[in-house]
Amino acid sequence: MNKLIQRLLVFFVGIPVVLGFVCFDVFSHLPFNVLLVVVSAIAANELCFIFASGGETLPKPLVVSLCAAIPAFTYFGLVIPHWYLNLCLVVFIVAVFIIFAFEIFSAKTFEKSNARIARSVCTLFYAGLLPSYITCISLMVHSTEHLITFLVMVFISDSAAWLFGMLFGKNNRGKIAASPNKSIAGFVGAYLGCILVAFISSYLVFSDVFDVPYKVLRVLVLAITVCTASIVGDLAESVFKRGANVKDSGKIILGRGGILDSVDSVFMAAPFYYYLVTFLFSTFAL
């Protein structure tokens with residue numbers, strides 16, 4: 001199947017399915033958070049595969065389970081008002097502690113311990129802690145509006161980057177060694193797409209949620225920061241793959257590769273959206 005058709009199918013089918021989970025708001029977005037835990041586990045499994053291609057890692061079942069536990073336990077922070085963010089960080093710290101303890105008490109020699117611990121902690125951070133901030137967003141006031149705004153910002157940013165790169169990026173590629181196919185035109189498209197969605201959401205669709213003074217400046221800061229974080233998340237995964245000489249993290253999604261290839265930008269942008277919305281728009285937890 002043509003790669004363009006595959007990508008369009010993902011865009012017009014996959015994104016509405018995800019947003020459908022978001023709109024099905026029962027028990028503080030329980031179905032969406034279950035989906036997020038599954039995605040976190042799959043992403044962790046793929047990242048373990050990437051890292052294992054470049055050297056030894058700690059046992060995959062241990063690392064994947066700990067990654068999935070971080071957003072899972074973060075969700076249960078809803079029972080204590082204002083505590084889910086604390087729980088998110090506490091579970092991450094406990095997971096890192098378990099990684100250290102496992103290496104300390106299971107390793108017979110320690111020449112490769114530093115690499116094993118570093119790869120495992122990086123996996124916990126990237127596929128465990130970062131997605132748990134999506135759970136944090138799902139537990140905020142106006143959570144549905146914020147989840148839709150955040151996800152569409154990142155999805156459109158990614159799609160606009162691909163479209164602008166395809167149309168205008170022929171002569172301005174190769175500037176970023178981590179991903180030579182990325183173009184300057186693509187980056188411009190990403191920022192334009194993200195800013196457009198942010199303004200549509202804050203002024204037309206969910207204007208009451210973003211009703212603050214100096215809104216133009218605040219929305220610009222939010223959009224530019226989220227877009228920058230999503231680009232870095234995408235490029236970081238490219239670095240992981242190039243470091244291990246791996247082309248795709250998996251083959252689950254048509255035209256894109258693995259789950260991690262599709263959620264890398266979303267994961268990295270989530271904490272920035274959460275903190276900026278909380279600070280700039282005075283949107284606090286229940």
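Computed over heavy atoms, backbone and side chain alike; hydrogens, waters and symmetry mates excluded.
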- Message: For the residue pair S53 / N245, report whether a side-chain donor-acceptor contact shorter than 3.5 Å exists.
- Response: no
- Greater than 12 external heavy atoms within 6.0 Å of Y214's OH: no
- Decide whether Y191 and T228 meet the rule of one side-chain donor and one side-chain acceptor closer than 3.5 Å. yes
- Message: Assess, by modelled atom type and distance only, whether the side chains of H146 and Y273 contain a donor and an acceptor separated by less than 3.5 Å.
- Response: yes
- Is a side-chain donor-acceptor pair under 3.5 Å present for S265 with D234? no
- Message: I'd like to know whether L260 forms a side-chain contact (heavy atoms from CB on, under 4.5 Å) with F240, so could you lay out the CA-CA distance, the side-chain angles of the two residues, the decisive distance to 0.1 Å, and finally the verdict.
- Response: CA-CA 11 Å; L260 195 61; F240 296 154; 5.6 Å; no
- Message: Whether the H29 and T144 side chains hold a donor-acceptor pair (N or O, under 3.5 Å, no angle test) is what I'd like checked.
- Response: yes
- Message: Tell me whether the NZ or CZ atom of K215 lies within the 45° cone about the ring axis of Y203 and under 6.0 Å from its centre.
- Response: yes
- Evaluate the criterion side-chain contact (heavy atoms from CB on, under 4.5 Å) for residue pair I176 and F187; output intermediate values, then yes/no. CA-CA 11 Å; I176 305 294; F187 292 135; 3.8 Å; yes
- Can any side-chain N or O of N172 pair as donor or acceptor with the backbone N or O of I184 at less than 3.5 Å? yes
- Test side-chain hydrogen bond (donor to acceptor under 3.5 Å, both in side chains) applied to T135 and T74, step by step: CA-CA 7 Å; T135 299; T74 299; 5.7 Å; no
- Message: Assess the residue pair D158 and S230 against the criterion (side-chain hydrogen bond (donor to acceptor under 3.5 Å, both in side chains)); give the C-alpha distance rounded to whole Å, side-chain angles, the decisive distance to 0.1 Å, and a yes or no.
- Response: CA-CA 8 Å; D158 179 67; S230 69; over 6 Å; no
- Message: Once salt bridge (charged side-chain N to carboxylate O under 4.0 Å, His left out) is applied, do any residues pair with E103, and if so which ones, sequence neighbours excluded?
- Response: R116
- Task: Could I get the full list of salt bridge (charged side-chain N to carboxylate O under 4.0 Å, His left out) partners for K112, not counting sequence neighbours?
- Result: E56
- Message: For F32 together with F24, are the ring centres under 6.0 Å from each other?
- Response: no
- Task: Could you tell me whether a side-chain N or O of S157 sits under 3.5 Å from a main-chain N or O of G193, the two making a donor and an acceptor?
- Result: no
- Indicate, with yes or no, if the rings of Y274 and F150 have centres closer together than 6.0 Å. no
